[in-house]
Each structure stands twice: as structure tokens, then as C-alpha cells.
Amino acid sequence: MIGGALAGAAVLVPAVACSSSGGGARPAGESAAPVESSTPAPSSAPPEHPFTGQPVAARRPVLAVKIENTHAGKPQMGVRSADLVFVEQVEGGLTRLMAVFSSKIPAKVGPVRSARISDLHLLPMFGKPGLAYSGVQSKMIPLVRAASLYDVSDSAAPRAYFRQPGRVAPYNLFADTRKLIAAAPKSTKAKDIGLVFADEAPAGGKPRTSFSVRYPAARFTFTWSAAQKRWLVAQDGAKDMAAEGGQLGAPTIVIQYAKTTRSQFHDFTGSYTPLIQSTGKGRAVVLRDGQAYQARWSRPSEEEGTTFTTADGEPLPFARGQVWIVLAAPKPVQP
């Protein structure tokens, strides 16, 4: 950490008698003029976390968890501690969450549900993180094994999972996050994924008190709370409450419009799994500080993060804290 010595302090030179040829001696007790050190003073501020912009003492491994996001699986546990929350469309026009943890680790998280093909395209930006999930379609198993992730599913790390009392299957599968992290000790630590943060809101926003996003079978509304300085989340007309208490919400909400098509996968009813095109370029809306900003997003490759800029190409800073990234099709689609 930062050392305790203060650079730039005045250095006092003791009085020294002059020679007979030097002119008179300095009066006793008078010190020489201060000499300024050329060493710059070290900053006392801890580094910022690349996912939240908040100070952290050290960067920790990244853990992503797939979480149920229908009424049957609520209230969710652990989501409010996530650094990032991705909202993804799944079969039937519903949505599922991928919560990404690094700076804060809750004791439990869930309900844990199955992974999707879009997850495998999102995760490489984090390096090789741990992924907690419960099952995938059989055709996806080879792709999961080849993906840039450490598998900490209920099959690979069963001791990290348990059934939560008071809930019905399959919405009662929860996980101990510390055991998940222990099962993937070599997971990549948090690194830059293209996001920038600032305390002050940039110019160019338009005042907005709420913003809604529609999926074929789900609707999100984000309402600005000046008292809490965050956007409160509601889904299908009901407040999205956390199992730990309080309403879910975040200082920054990003609606990232990304092309969504049919993948090669489908469920047992024949409903196709959507494939979200999270690389390339597109438009976005960034909500922060009670304002909405029109933005552009860019992600050149899966190994790179996503940058969000203004129409002029300048980086668009987020508010510090949790970020929700809502991956939505430009027009609601039913793959």
C-alpha cells in the first residue's frame, strides 16, 4: 500500500559558518531556505474496480452465475451484490440474468439455472472466469467444454450447491459463492472490459424519470430514485425485490440494442434459443443520474470488452457502482 512518508516536505539545512573569504557567517539558529523534493507525492486513493469504478484494495477472480428471472424464481438472492448484471432473452420471449461477481461476494446466490449459447459469447471478455449454472442442452456440452471459462456447475462442483428450503424445484437450487470460487482457483481476476466511470454526469443527457424495455414475454421498467441515487427495477409491473431485502436497482442502467436471431438450439417444446450478437456495433441508451444518454456501443471481438461512447465518439462515463446491461433486440423478436 501507500507508504507513510510525505514527499515534497521542506528539508532544513543546518547553519554552517562561512570562511573568512565568504563574507559573514549566517546568524545562529537561522536555517537555510527550504529545498523542494522532486519526487511527486504518491496518491492515497486506492485503485478503481474496472466493473464498478469504486475503490478496491485488490482485484479478485471473476465469477458469473446464471440466475432465474421469472416470477416463480423470485425473490433472487445475491443479485444486489453483483458488479454487473446482464439481462438476456431466452426461449419463449422470457429473460434470464447473468450476474458477474468480483469486488463483492455474497454468501449465497440463486436460484441457479441453466446456461445459454449467448453466455459463451459474452464471457471471453472477462478472460477465463468461473461460470456457475445448472445444466445445458446436450448439444451445447462440447461448446461449454471448449469455452473460455471454468465450469463450476452443479455437475462439476456439486458440493457448492444446496436446495433452499421454502422453494420448489427447479427454483430452489442455490450456491455457496465461496465454494464456487474455491472450485475455480485459477479464474481470471477482474480486468478492464472497456467501461469508464466518473462522479459527475456528462453533458448531453435528457432528464428522464423512467425507461421501459420490452421483450416478447417480459417487460422491465427502470425508475429513477433521487433519494437512493439509483434506478429501481420493476418487472412485469411489480417491484423487483431482493431476497435480502429492498428493491433491486443500480446507479447505471445500459440498454444495449443487439441483433438477436435463432440459434441452432431449442428446448423440448421446439422453442428456439435466441442468439444475442454481442460483438460488432450498435446503439444504446445509458441511464444515470436521472438522465438518458443516446450512445453507441462497440465490441470488435469476443476477447475484447464493450465500449460505450457518445454520438461524437467520446467515452461515456457511467456512475460508480453496480451496472445493469440489458441486452435487447432493436425490435422485440420471437426466435
(message) Distance alone, cut at 3.5 Å: any donor-acceptor contact between the side chains of D83 and T52?
(response) no
(message) How close do A319 and T252 get, counting heavy atoms only, and between which atoms?
(response) N-OG1, 3.0 Å
(message) Run the side-chain contact (heavy atoms from CB on, under 4.5 Å) test on T309 and E314 for me, step by step, so that the C-alpha distance in whole Å, both residues' side-chain angles and the decisive distance to 0.1 Å come before the verdict.
(response) CA-CA 5 Å; T309 58; E314 295 297 320; 5.9 Å; no
(message) Less than 4.0 angstrom from a charged side-chain N to a carboxylate O is my criterion; do D119 and K66 meet it?
(response) yes
(message) Using modelled atom types and a 3.5 Å cut-off, is there a donor and acceptor pairing between side-chain atoms of E48 and backbone atoms of F197?
(response) no
(message) So does E304 get a backbone contact from the side chain of R299, meaning a donor-acceptor N/O pair under 3.5 Å?
(response) yes
(request) Flag yes if more than 12 heavy atoms outside R214 fall under 6.0 Å of its CZ atom; otherwise flag no. (result) no
(request) State plainly whether one hydrophobic cluster holds both I105 and V65, where clusters connect Ile, Leu, Val, Met, Phe, Trp and Tyr through side-chain heavy atoms under 4.5 angstrom apart. (result) yes
(request) State yes or no: do L287 and L232 share one hydrophobic cluster built from I, L, V, M, F, W and Y residues joined by side-chain heavy-atom distances below 4.5 Å, directly or via other members? (result) no
(request) Look only at the side chain of K128 and the backbone of K186, and say whether a donor-acceptor pair between them is shorter than 3.5 Å. (result) no
(message) I need the R283 CZ to W297 CH2 distance, nearest 0.5 Å.
(response) 12.0 Å
(message) Any donor-acceptor pair under 3.5 Å linking the side-chain atoms of S134 with those of S114?
(response) no
(message) Quick check for you: to the nearest 0.5 Å, what is the distance between S210 atom OG and W231 atom CH2?
(response) 7.5 Å
(request) Taking salt bridge (charged side-chain N to carboxylate O under 4.0 Å, His left out) as the test, write out the residues that go with R60, two or more places apart. (result) none
(request) Looking only at non-hydrogen atoms, find the nearest pair between A243 and R167 and report the distance. (result) CB-NH2, 4.2 Å
(request) Check step by step if side-chain contact (heavy atoms from CB on, under 4.5 Å) holds for V286 and L316. (result) CA-CA 9 Å; V286 175; L316 182 55; 3.6 Å; yes
(request) Quick one: closest heavy-atom pair of G130 and S187, and the distance? (result) N-OG, 3.4 Å
(message) Quick check for you: to the nearest 0.5 Å, what is the distance between K104 atom NZ and R80 atom CZ?
(response) 9.5 Å
Quiz: residues 139-152 side-chain donor-acceptor pairs under 3.5 angstrom, not counting sequence neighbours:
unit_1 : atom_1 : unit_2 : atom_2 : d
S148   : OG     : G127   : O      : 2.4
D151   : OD1    : Y133   : OH     : 3.4
D151   : OD1    : S153   : N      : 2.9
D151   : OD1    : S153   : OG     : 2.8
D151   : OD2    : Y133   : OH     : 2.8

(request) Group every Ile, Leu, Val, Met, Phe, Trp and Tyr by side-chain heavy-atom contacts under 4.5 Å, then state whether V85 and Y215 land in the same group. (result) yes
(request) Side-chain contact test, heavy atoms from C-beta onward, threshold under 4.5 Å: evaluate it for M125 versus T306 and give yes or no. (result) yes
(message) Between D240 and Q76, is there a side-chain heavy-atom distance shorter than 4.5 Å?
(response) yes
(request) Please name the pair of heavy atoms, one in R296 and one in T310, separated by the smallest distance, quoted to 0.1 Å. (result) CG-O, 4.4 Å
(message) Is there a side-chain contact between L97 and F86 in this structure, where contact means two heavy atoms from C-beta onward sitting under 4.5 Å apart?
(response) no
(request) Compare every heavy atom of R230 with every heavy atom of W224, then report the nearest pair and how far apart it is. (result) CZ3-N, 3.4 Å
(message) So does I276 get a backbone contact from the side chain of S118, meaning a donor-acceptor N/O pair under 3.5 Å?
(response) yes
(message) Given R116, which partner from the list E91, Q137, E88 fulfils the side-chain hydrogen bond (donor to acceptor under 3.5 Å, both in side chains) test?
(response) E91
(request) Could you tell me whether the side chain of Y293 and the main chain of P202 form a donor-acceptor pair under 3.5 Å? (result) yes
(message) I'd like to know if the side chain of Q247 reaches the main chain of V233, judged simply by a donor and an acceptor atom lying under 3.5 Å from each other, with no hydrogens or angles considered.
(response) yes
(message) For A201 versus Q291, what's the shortest heavy-atom pair and its separation?
(response) CB-NE2, 3.9 Å
(message) When you group the ILVMFWY residues by side-chain heavy-atom contacts below 4.5 Å and let the links chain together, are I67 and Y161 in the same group?
(response) yes
(request) Would you confirm whether R178, through its side chain, and I181, through its main-chain N or O, come within 3.5 Å as a donor-acceptor pair? (result) no
(message) Would you say E68 and T70 are linked by a side-chain donor-acceptor pair, where the criterion is simply a distance under 3.5 Å?
(response) yes
(request) Please report the C-alpha distance between F220 and V87 in whole Å, then the side-chain angles of each, then the deciding distance to 0.1 Å, and finally whether the side-chain contact (heavy atoms from CB on, under 4.5 Å) criterion is met. (result) CA-CA 10 Å; F220 287 84; V87 180; 3.8 Å; yes
(request) Would you give the length of the straight line joining atom CD1 of I325 to atom CD1 of I253, rounded to the nearest 0.5 angstrom? (result) 10.0 Å
(request) Output yes when a side-chain donor or acceptor of S225 lies under 3.5 Å from a complementary backbone atom of K229, and no otherwise. (result) no
(request) Indicate the ring-plane relationship of F308 and F318, choosing parallel, tilted or perpendicular according to the 30° and 60° boundaries. (result) tilted
(message) For D199, is there an ion pair with R320 - N to carboxylate O distance below 4.0 angstrom?
(response) yes
(request) Can you measure from NZ (K259) to CD (Q277) and round to the nearest 0.5 angstrom? (result) 6.5 Å
(message) Using a 3.5 Å distance criterion without hydrogens, assess whether the side chain of T260 forms a donor-acceptor pair with backbone atoms of A258.
(response) yes
(request) For residues F101 and F51, establish whether the separation of their ring centroids is below 6.0 Å. (result) no
(message) Is the shortest side-chain heavy-atom distance between L248 and V79 below 4.5 Å?
(response) yes
(request) Would you please classify the geometry between the W324 ring and the F222 ring as parallel, tilted or perpendicular, with 30° and 60° separating the classes? (result) perpendicular
(request) Measure from the side-chain N and O atoms of S263 to the backbone N and O of T273, and report whether any donor-acceptor pair falls under 3.5 Å. (result) yes
(request) Scan side-chain atoms only and decide if Q235 and N69 contain a donor-acceptor pair under the 3.5 Å cut-off. (result) yes
(request) Hey, could you give me the CG/OG distance between L122 and S278, rounded to the nearest 0.5 Å? (result) 4.0 Å
(request) Please tell me if the side chains of P216 and Q89 come closer than 4.5 Å, counting only heavy atoms from C-beta onward. (result) yes
(request) Please examine the side chains of R163 and F174, heavy atoms only from C-beta on, and report whether any two atoms are closer than 4.5 Å. (result) no
(request) Take Y171 and Q164, measure what side-chain contact (heavy atoms from CB on, under 4.5 Å) needs, and give me the verdict at the end. (result) CA-CA 9 Å; Y171 311 110; Q164 180 73 12; over 6 Å; no
(request) Go through the side-chain N and O atoms of Q54 and H49 and say whether any donor and acceptor fall under 3.5 Å apart. (result) no
(request) Check whether L94 and L173 end up in the same hydrophobic cluster, where Ile, Leu, Val, Met, Phe, Trp and Tyr are linked by side-chain heavy atoms less than 4.5 Å apart. (result) no
